[in-house]
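Step one of this worksheet: look at the structure below.
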Number of protein chains: 2
Amino acid sequence: MSVAQPDQLPHSDRQRVRVWLRLLKVTKIVESVVRENLRAEFDTTLPRFDVMAALYRFQDGLKMSELSAALRVSNGNVTGIIERLVTDGMVLRVPVEGDKRATLVRLTKKGHDEFSKMAEAHARWVNEVLADLTPEECEQVIGILDVVGRSHKHTAEVSDHD
Amino acid sequence: MSVAQPDQLPHSDRQRVRVWLRLLKVTKIVESVVRENLRAEFDTTLPRFDVMAALYRFQDGLKMSELSAALRVSNGNVTGIIERLVTDGMVLRVPVEGDKRATLVRLTKKGHDEFSKMAEAHARWVNEVLADLTPEECEQVIGILDVVGRSHKHTAEVSDHD
DNA sequence: GGAATTAATTTCAAGCTTGAAATTTCATGC
DNA sequence: GCATGAAATTTCAAGCTTGAAATTAATTCC
């Protein structure tokens, strides 16, 4: 963060770096609010929340590789998080018929119900932090940032139609 | 990510959540590009880069607490990163006169030179990822996101005049 | 000046994260 | 059918991250 920029950079280039720093700043603020509240009110973590959010959206379950792709995190990462969620009875592992390598993971009833509550609170927290943004401004930001990543490899993911 | 929203939410509230998800998405993309390049080209990590960036900006050095506040990370976190940077000769610890509790950390000559190179490359990478954003769009995003965090406690930081 | 509070930092356990290597299973070509 | 390579996942070490507890030093308040 706060990276000094050489003077010889064109103005437009420097501006893009400023955009990046601003994005990072806002993201960190929202993340820390959500993390603190998840811990205080639901005794859980942000990564666990992210995993459950993905599984909530794809109710039929996701393969481990689909899950890590959707969350844009490394492959081995998800293994540990799912492990703990299974221990807590939030997630179920289902063997994929016809492919003994893969496993499907999905929310249990308990996990589904628990996430419903978390999602509602999450929307509240986010709205508090972003309260100063008008609907028009939201529209603009969404529209402008839509193009980013289009030409990037990481765009290959599980139907991320946010 | 991709958090389902109850239907009873007002449109404007749902929009703010969408803004948040979009921010998160773009941030993750840029972060992963920067991380991969830092590792490949400079054999270092994003957290180390962030610390060095803060120290590059504040050439007179920062106290540990100022550093963690500037980076918006927990207090104990910085300790380990600085430790490794000191080992690598990038950072120097200087005792604060008149206060035996605090320490000042600052870049060494080696750290300064190394970061100069990294900063230039960093600007290049960011511009590649955000290439599709026009100067006008950059201006808009910067302006709109400027208000976020103003009323938040985390706004109390070391002169973050991005 | 001594006790209690506050401040700056480190230590620590638990969990997260990556990237690489290892494992197991599937698919393909011969 | 058998080898070879690709695919899905786990394992692992190293480093990052948090929040809480511990440590040490400064400040404040009788």
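In the text below, chain A, chain B and the rest are named by the order of the sequence lines, each starting its count at 1.
Note on residues 76-86 of chain A: no pairs pass side-chain hydrogen bond (donor to acceptor under 3.5 Å, both in side chains), not counting sequence neighbours. Judged as a salt bridge (Lys or Arg N to Asp or Glu O under 4.0 Å), the pairs with a partner in residues 93-105 of chain A (not counting sequence neighbours) are, in order, A/D99-A/R101. Applying the ring pair (Phe, Tyr, Trp, His ring centres under 6.0 Å) rule to pairs touching residues 77-111 of chain A yields nothing, sequence neighbours excluded.
Taking B/D113 as the reference, B/K109 meet the side-chain hydrogen bond (donor to acceptor under 3.5 Å, both in side chains) condition, with sequence neighbours excluded. Shown here are the side-chain hydrogen bond (donor to acceptor under 3.5 Å, both in side chains) partners of B/T103, two or more places apart in sequence or in another chain: there are none. Residues passing the side-chain hydrogen bond (donor to acceptor under 3.5 Å, both in side chains) test with A/E136, sequence neighbours excluded: A/T134. With sequence neighbours excluded, no residue forms a side-chain hydrogen bond (donor to acceptor under 3.5 Å, both in side chains) with A/N75.
There is a path of hydrophobic side-chain contacts, each under 4.5 Å, that joins A/V33 to A/V126.
In the hydrophobic clustering (ILVMFWY side chains linked at under 4.5 Å, chained through shared members), B/V94 is joined by B/V96, B/L104.
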Throw together a table of side-chain donor-acceptor distances under 3.5 angstrom for residues 38-46 of chain B, partners on residues two or more places apart or in other chains.
from  : atom 1 : to    : atom 2 : distance (Å)
B/T44 : OG1    : B/R48 : NE     : 3.0
B/T45 : OG1    : B/R48 : N      : 3.3

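Think of the region where chain A sits on DNA chain C: with heavy atoms and a 4.0 Å cut, that region ends 5' and 3' at C/dG15 to C/dC26.
Taking a 4.0 Å limit (strictly below) on heavy-atom distances, residues 99-107 of chain A reaches DNA chain D at A/R101, A/A102, A/T103. Within residues 74-86 of chain B, the residues having any heavy atom under 4.0 Å from DNA chain C are, by residue number, B/N75, B/G76, B/T79.
Comparing B/K63 and A/T45 along DNA chain C, the residue whose closest nucleotide (by nearest heavy atom) sits nearer the 5' end is B/K63. Ranked by how close their nearest DNA chain D nucleotide is to the 5' end, A/R39 and A/M64 are led by A/M64.
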